[in-house]
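Below is one structure, written out as structure tokens, with a few remarks after it.
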Amino acid sequence: MKMRRFTPEPLILMATMIAIIIGMTLAVDPAPAQAQSLIDSVDSSSTVVSTPSAQPDLTYVRPTAKIKLRNYLFDTFGPYPIVGAGFAGAINQGKNSPPEWKQGAAAYSQRFGSTFGIAGVTTTTRYALAQAFKEDTLYYRCECKGVFPRFRHALVSTFTSRRGQDGHRVFSFPALVSPYAGTMTAVYAWYPSRYDAKDGFRMGNYSLLGYAAGNVALEFLYSGPHSWLSRMHLNNSRRGPSASSQP
């Protein structure tokens, strides 16, 4: 009888969330803008000029190639995938999953490398296909208000991306395919031979679910342009031309 194995993808998400929360506690928010008064000594009149409040402005600004590269490197080799792979590797070590890898330091390294490799292939596929399709797959927080509209926006963003200078939303083939590219690569490249495409598809479903949950975290846990979270997707903290723009 075929053994059921423990899948690490949800654990990657949990570790990522923990790292995000820790990073947020280290965030330093900018001081709020202060109103200034300009006094005209000729006509004795005063004019008060107010700068916009320090709110995250969400008007779309297309990222440069440099920003895309920095995000790719951070998402692939940054602290979050490393912590997630370490945490998932430890859990799988305790569960002895897959059992063919046995126990010991070498086995833990293999499990750590497997989880890290899946995440790396997934991220690389997403960014490479996005470049080929001329899409922007970075996450942008909702300009709407309310828990349910923002939650819906985060879920919709899992399957969509931005395109063009105006950033109009389109269905994203790279976002849909990349989670399965990572798990299928693992199944056929380094997992034991008893694993097949059905296992890769099942694992990919968990990976896609984890990506959706990560978008929810980006939507609700953002804490300013200087937080670690904002560095995951740098356009989250960009200021647009109008602070009062609405979708």
Side-chain angles (χ1 to χ4, degrees), residues 1-20 71-133 135 137 139 155 157-161 171-217 232:
M1 184 176 68
K2 187 175 180 179
M3 297 181 61
R4 296 179 62 185
R5 60 180 289 276
F6 181 83
T7 55
E9 286 78 9
L11 299 173
I12 300 175
L13 170 64
M14 184 182 299
T16 301
M17 296 277 288
I18 293 173
I20 287 172
N71 275 274
Y72 166 72
L73 294 176
F74 191 84
D75 287 350
T76 307
F77 305 105
Y80 302 142
I82 293 176
V83 171
F87 186 75
I91 295 298
N92 284 340
Q93 184 85 345
K95 296 288 186 178
N96 195 33
S97 175
E100 290 88 344
W101 292 351
K102 301 180 180 180
Q103 291 291 309
Y108 175 76
S109 298
Q110 193 169 7
R111 292 182 172 99
F112 171 88
S114 174
T115 305
F116 190 78
I118 291 174
V121 172
T122 298
T123 303
T124 300
T125 302
R126 181 179 297 114
Y127 277 85
L129 288 179
Q131 183 68 20
F133 283 85
E135 294 180 5
T137 57
Y139 184 78
L155 295 184
S157 297
T158 304
F159 304 98
T160 59
S161 63
F171 175 78
S172 178
F173 178 76
L176 180 63
V177 169
S178 57
Y180 301 96
T183 55
M184 288 294 183
T185 299
V187 164
Y188 289 105
W190 61 76
Y191 263 64
S193 58
R194 63 185 176 88
Y195 291 89
D196 55 21
K198 183 171 63 176
D199 295 298
F201 182 77
R202 173 175 51 83
M203 294 162 59
N205 291 336
Y206 283 106
S207 182
L208 184 62
L209 180 63
Y211 185 65
N215 284 345
V216 173
M232 290 185 66

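None of these values were measured; they are calculated from a predicted model. All values below come from the heavy atoms of this structure, side chains included, with hydrogens, waters and symmetry mates left out.
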**Message:** As a quick check of understanding, evaluate side-chain contact (heavy atoms from CB on, under 4.5 Å) for T185 and W190, giving each step before the final call.
**Reply:** CA-CA 8 Å; T185 299; W190 61 76; 4.1 Å; yes

**Message:** For F173, I'd like to know if atom CZ has over 12 heavy atoms of other residues, nucleotides or ligands within 6.0 Å.
**Reply:** no

**Prompt:** Can T124 and Y72 be counted as having a side-chain donor-acceptor contact under 3.5 angstrom?
**Reply:** yes

**Request:** Just say parallel, tilted or perpendicular for the rings of Y80 and F74, cut-offs at 30° and 60°.
**Result:** perpendicular

**Asked** Is the shortest heavy-atom distance from the side chain of L155 to the side chain of N215 under 4.5 Å?
**Response** no

**Asked** How are the rings of F116 and F112 set relative to one another: parallel (under 30°), tilted (30 to 60°) or perpendicular (over 60°)?
**Response** parallel

**Fill in**
When rounded to the nearest 0.5 Å, the distance separating OG of S114 from CH2 of W101 is 4.0 Å

**Item:** Reported CZ-to-CD1 distance for the pair R111 and I91, which is rounded to 0.5 angstrom
**Value:** 12.0 Å

**Prompt:** Quick one: do the D196 and Y188 side chains pair a donor with an acceptor below 3.5 Å?
**Reply:** no

**Asked** Do the side chain of S109 and the main chain of A105 share a donor and acceptor less than 3.5 angstrom apart?
**Response** yes

**Y191 side chain to D199 side chain, donor-acceptor N/O pair below 3.5 angstrom** = no

**Asked** If you round to the nearest 0.5 Å, how far is CZ of R126 from OG of S172?
**Response** 8.5 Å

